[in-house]
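Would you mind keeping the following structure in view while I ask a few things?
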Amino acid sequence: MQYFAYAMYVVVEALIFVPLLYIAESKAPGTIDSATLITALGAGGLMVVAHRTRKDFSFLRAILMWGGILALIAIAGGLVFGFQLGTWFSVLMIGFAGAAVLYDTSNIIHQYPEDRYVSAAMQLFASIALMFWYVLRLMMGSRN
């Protein structure tokens, strides 16, 4: 059942990302490769930090919750009032996603039981996908 849920999750993520990837490739060819490399280096570096230090980053939970609420308010405000969130919002969201990668990796090391590896992978994948989304948005904005 865990594998089925994971497969469905990946399909839903793909449906979310396909339009953005299409737009990115048509408007700024090569941006996807660059964003992938930057995301892989950033997320990989954060995972190395969590593994090497073995520090418990569970204190990030409250910060991530508050940051998530602020991000949702900003997104809703942009939709309702018609303003663009811009470059700085993307930069802040990349930082937010980086903190989420660090938090998730720390949770995998310290909290998750060994039989829950699929849910741990889903959580980490979501954080890395969020980081990729905003790196790609930032790079697309800088090429316009």
Side-chain angles (χ1 to χ4, degrees), residues 2-3 5-113 116-144:
Q2 288 184 52
Y3 291 119
Y6 191 51
M8 293 308 299
Y9 180 74
V10 170
V11 167
V12 169
E13 285 284 343
L15 291 174
I16 292 169
F17 274 90
V18 165
L20 178 67
L21 294 175
Y22 177 77
I23 292 168
E25 190 58 37
S26 64
K27 287 190 176 187
T31 306
I32 295 171
D33 294 337
S34 300
T36 300
L37 179 63
I38 291 169
T39 302
L41 291 173
L46 290 166
M47 287 186 276
V48 167
V49 166
H51 279 286
R52 296 285 301 203
T53 63
R54 293 284 184 196
K55 184 174 179 181
D56 185 5
F57 288 97
S58 60
F59 67 90
L60 290 174
R61 183 175 190 264
I63 296 167
L64 289 169
M65 290 176 72
W66 177 237
I69 291 168
L70 289 176
L72 289 174
I73 290 170
I75 291 167
L79 289 171
V80 170
F81 300 112
F83 59 84
Q84 297 292 321
L85 295 173
T87 301
W88 289 110
F89 182 77
S90 292
V91 170
L92 289 172
M93 289 304 294
I94 292 167
F96 175 82
V101 167
L102 198 56
Y103 173 77
D104 293 339
T105 305
S106 174
N107 272 350
I108 290 169
I109 294 168
H110 298 290
Q111 307 295 329
Y112 272 95
R116 301 288 182 205
Y117 55 88
V118 174
S119 59
M122 288 171 66
Q123 188 169 351
L124 185 58
F125 177 77
S127 298
I128 294 171
L130 179 69
M131 182 183 284
F132 174 73
W133 176 276
Y134 281 102
V135 168
L136 187 58
R137 279 196 54 187
L138 182 66
M139 293 185 74
M140 283 175 55
S142 69
R143 292 195 182 186
N144 287 338

Give, for atom CE of Met122 and atom OG of Ser127, the distance between the pair rounded to the nearest 0.5 Å.
12.0 Å
Phe83 and Phe81 aromatic ring geometry - parallel, tilted or perpendicular at 30°/60° bounds:
parallel
Looking only at heavy atoms, which two atoms of Ser26 and Ile23 are closest? And how far apart?
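The pair with the smallest heavy-atom distance is OG-O, 3.0 Å.
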Which atom names give the shortest non-hydrogen contact between Ser34 and Met139, and what distance separates them?
CB-CE, 3.1 Å
Checking side chain to side chain contact (heavy atoms under 4.5 Å, CB included) against Tyr103, which of Leu46, Leu64, Ile108 comes through?
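Only one option passes, and that is Leu64.
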Is there side-chain contact between Met93 and Ile75, with heavy atoms separated by less than 4.5 Å?
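No. Closest side-chain heavy atoms not under 4.5 Å.
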Going through the checks in order, is the side chain to side chain contact (heavy atoms under 4.5 Å, CB included) test met by Leu21 and Leu136?
CA-CA 9 Å; Leu21 294 175; Leu136 187 58; 3.9 Å; yes
If you compare all heavy atoms of Gln2 against all heavy atoms of Ser119, which two are closest, and at what distance to 0.1 Å?
OE1-N, 4.3 Å
Using 30° and 60° as the class boundaries, would you call the ring planes of Phe132 and Phe17 parallel, tilted or perpendicular?
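Rings of Phe132 and Phe17: tilted, 30 to 60°.
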Minimum heavy-atom distance Ala43-Ile128, with the two atoms named:
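Looking at all heavy atoms of both residues, the closest pair is CB-CG1, 4.0 Å.
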With side chains defined as the heavy atoms from C-beta onward, is the minimum distance between Met131 and Ile38 less than 4.5 Å?
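They are not in side-chain contact.
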So, Tyr9 versus Glu13: side-chain donor-acceptor pair below 3.5 Å or not?
yes
Is a donor on one side and an acceptor on the other found under 3.5 Å between the side chain of Thr105 and the backbone of Val101?
yes
Please round to the nearest 0.5 Å and tell me the distance separating atom CE of Met47 and atom CG of Leu102.
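Between Met47 CE and Leu102 CG, I get 10.5 Å after rounding to 0.5 Å.
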Flag side-chain contact, heavy atom, 4.5 Å: Arg61 against Ser58:
no
Can you give me the closest heavy-atom contact between Ile32 and Ala24, atom names plus distance?
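Distance-wise, the nearest heavy atoms are CG1-CB, 4.1 Å.
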How close do Leu15 and Pro19 get, counting heavy atoms only, and between which atoms?
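That closest heavy-atom pairing would be O-CD, 3.2 Å.
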Quick check for you: to the nearest 0.5 Å, what is the distance between Ile94 atom CD1 and Thr39 atom OG1?
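Those atoms lie 7.5 Å apart.
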Once you round to the nearest 0.5 Å, how far does CG of Asp104 lie from CD of Gln111?
12.0 Å
